[in-house]
Amino acid sequence: MAILLWVLQMIVALVVWKVVHLLFWNLRRGFGIASLLFSMFVTLVIALLIVLLAHVGYGSWFFVIGVSVILGVANGEYEYNRGLTR
C-alpha cells in the first residue's frame, strides 16, 4: 500500500507542477511583466516557500503539493525569462 501511495503522490506532484507552470507562465506573458525586480521578488517568494514547507513536515500531501507549486512557478519563471532572451 505504501508503494501505491508513493506513486499517487508522484502523479499528483507532476500534474500540479505542470498546471502551475502553465498558469504562471501564461499569467506573466499575458500581463507582460518583464521587470528584473519582479523576477527577484518571485525568486524570494520561492525561497521563502521552500523554507516554510521544510518546516511543515516531510512526506505529507501538503509537502508534495507545496513543492510541486514551487517547482511550477520556478519553471514558469524560467520559461518566461527564456522567451525574453530569444
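For reference, positions follow the sequence shown, starting with 1.
The backbone N or O of Ala13 lies less than 3.5 Å from a partner atom in the side chain of Ser68, making a donor-acceptor pair. A donor-acceptor pair is defined here as one N or O able to donate and one able to accept, closer than 3.5 Å; such a pair exists between the side chain of Asn26 and the backbone of Leu22.
Remark: Val20 pairs with Val16, Val69, Val73 by the side-chain contact (heavy atoms from CB on, under 4.5 Å) rule, at least two apart or across chains. Annotation: side-chain contact (heavy atoms from CB on, under 4.5 Å) contacts of Ile70 (sequence neighbours excluded): Ile46, Leu49, Ile50, Leu53.
Under a hydrophobic-cluster definition in which Ile, Leu, Val, Met, Phe, Trp and Tyr are linked whenever side-chain heavy atoms come within less than 4.5 Å, directly or via other members, Trp17 and Tyr78 are assigned to different clusters.
The salt bridge (Lys or Arg N to Asp or Glu O under 4.0 Å) analysis of residues 67-78, with sequence neighbours excluded, yields the pairs Arg28-Glu77.
Taking CG of Asn75 as the start and NZ of Lys18 as the end, the distance is 6.0 Å to the nearest 0.5 Å. Remark: Gln9 CD to Leu4 CG distance equals 10.5 Å, nearest 0.5 Å.
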